[in-house]
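In this text, all values refer to a predicted model and were calculated from it rather than measured experimentally.
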Amino acid sequence: MENCKCELMIAGPGAGKTHNMINLIVDTLPKTNPCRTIAVITYTNEAAKEIRERLTRTTKIGRNIFIGTIHSFLIRYFIEPYGHLIGFVPNSATYIDGAKLPYQAKNQFAQKNMEIKRANQLAELGFITYDKVLEISYQIVCNERICKAIAYRIEYLFIDEYQDARLYQHKILQLLFQTGKIKIATVGDPMQSIYSFTYIQSQLKNEPKPDSYDKMPIIELKNKSNNEDNISCNFFEKNHRSRPNIVNFLNIFNVEINQEYVREDNGVPVQFIKRDSIDKIITEFFSIQKHYNICKEKDIRIANLILSKHWKTHDLLPTEYKISKISSTDISSEGLLKEMLRCIYGILNLTPKDITNKYNVSSLEIRKFAFSIIRIIKNQEFESDSHLENYIRKIFEKRFNITLETSLKGSVDVANSIKKIRQRFGEKEINDNYFSSIHTSKGLEATSVLVIAETNNSLIKWLECKKETISGLTDEHRLGFVAFSRARDLLCISCLQTITESIEKNLRDFKVSIL
């Protein structure tokens with residue numbers, strides 16, 4: 001990174017993106033100014049935890065190193081220092097997943113508009129949605145003096161999974177880069193860009209979004225590297241994960257890189273399971289493993305992974321195989337308290353400052369209250385999230401002898417926090433068989449993978465190999481690529497509908513064995 005100030009690394013599945021990023025960070029550390037920050041931006045908290053653990057094995061993590069998600073980065077370095085100074089956020093703010101309506105709107109259009117309106121109302125009260133974090137941070141960095149102040153504070157910025165960067169994030173990066181004071185390294189895979197649903201679900205009124213494949217942040221950065229000396233682009237073409245037959249299959253759909261396989265050929269072709277029920281599909285999947293003697297790998301967490309577009313497919317799976325929904329949530333006791341407090345503030349529609357000033361409840365008392373709710377959730381079942389939310393409101397009112405306002409009751413989406421807390425106390429069973437939606441499977445790998453298309457139409461899109469079609473804004477044509485590329489030793493594909501002759505011909509042309 002010495003000769004260029006922005007380095008893009010395009011790495012396909014199994015290329016060791018995180019490994020390469022960590023090596024670059026380790027190489028950079030001796031050259032850094034201890035008075036300036038090194039920021040490492042990840043897509044999820046789980047990814048941040050993994051990077052922190054890997055870095056700890058090779059180097060000491062100093063106080064000037066930040067590792068976290070894009071939202072936590074923007075909150076710490078943009079919103080908390082500058083947001084209240086220029087009137088974008090109150091002095092005390094609580095950050096929430098999103099706004100929700102306590103009723104069902106007439107249609108999707110009305111639902112979205114009302115959610116945006118509710119998100120703006122909550123922001124005025126100090127509840128900032130994660131979508132708002134992006135918007136407000138962009139507004140902050142558009143102030144030239146503040147932009148320079150942030151750039152002077154941060155010396156190096158490393159960004160993982162850049163294919164998932166939203167346009168606001170990309171614009172923030174560009175403004176920082178234009179100061180000439182910050183060095184940037186990004187890594188990602190355009191073929192694993194499956195996040196346009198985030199724009200559809202966005203609770204921002206006028207969020208900018210790409211209008212073509214070339215305008216996607218990672219592709220725009222790649223194209224700029226051809227014309228600008230201070231931007232470079234490197235390709236990592238080796239696939240260390242998958243066997244040769246799987247890599248060759250993936251290359252049919254990869255419009256960015258023709259990957260080279262590293263692992264030896266095990267002689268197992270990509271398989272299509274042509275069966276008329278999901279029970280028979282699953283039975284055949286495990287039968288194929290036995291036939292080819294595919295064994296569980298010692299250092300691989302997941303032996304068998306079943307993927308489909310929607311979580312609801314899990315409900316159709318036969319119970320005798322004990323196929324669990326995947327969960328990567330493993331929060332510490334400190335993280336558990338943080339999630340519980342975030343959950344409580346959202347349910348009560350009160351910021352920490354409100355609780356102290358309005359109801360004279362100290363921070364120590366609210367922490368004690370949070371611990372008591374954690375114990376209750378651990379030992380008691382609730383019919384639904386709304387049942388739990390109402391219970392917490394009633395307990396709070398009774399404990400502190402107050403009556404809460406109800407005008408915004410049920411407006412804060414705390415489902416994600418509740419899910420994390422419940423999973424913390426879930427049964428920690430050791431299992432070999434897991435199910436995941438394809439979107440959630442990004443970053444995972446498994447010895448054997450079964451990808452189930454719910455319809456012929458989905459399967460047709462996943463098997464599309466025309467570059468101009470794959471290089472589009474829709475996620476559908478890249479969804480299959482993400483799913484297929486999770487497999488290490490065995491990849492099986494199936495469909496819940498009887499496939500057409502044209503689909504079967506495509507599969508045979510792609511050297512897929514049809515059973």
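Side chains of Ser436 and Ser441: a donor-acceptor N/O pair is absent below 3.5 angstrom, by distance only. For the residue pair Glu207/Ser202, the side-chain donor-acceptor check at 3.5 Å is satisfied. In summary, the side chains of Ser417 and Arg342 do present a donor paired with an acceptor at a separation below 3.5 Å, with no hydrogens or angles considered.
For Arg478 and Asp475, the salt-bridge test passes: some basic side-chain N is under 4.0 Å from an acidic carboxylate O. A salt bridge does not link Glu389 with Arg393: every distance from a Lys NZ or Arg NE/NH1/NH2 to an Asp or Glu carboxylate oxygen is 4.0 Å or more. Remark: Glu161 does not engage Lys442 in a salt bridge, criterion side-chain N to carboxylate O under 4.0 Å. Between Arg422 and Asp385, at least one side-chain N (NZ, or NE/NH1/NH2) sits under 4.0 Å from a carboxylate O, which counts as a salt bridge. Here Lys148 pairs with Glu144 in a salt bridge; the nearest charged N to carboxylate O distance falls below 4.0 Å. Between Asp131 and Arg166 there is a salt bridge, since a side-chain N of the basic residue sits under 4.0 Å from a carboxylate O of the acidic one. Using a 4.0 Å cut-off between a side-chain N of Lys or Arg and a carboxylate O of Asp or Glu, Lys358 and Glu405 qualify as a salt bridge.
In terms of modelled atom types and a separation under 3.5 Å, the side chain of Asp97 and the main chain of Val414 share no donor-acceptor contact.
With sequence neighbours left out, Glu256 forms a salt bridge (charged side-chain N to carboxylate O under 4.0 Å, His left out) with Lys222.
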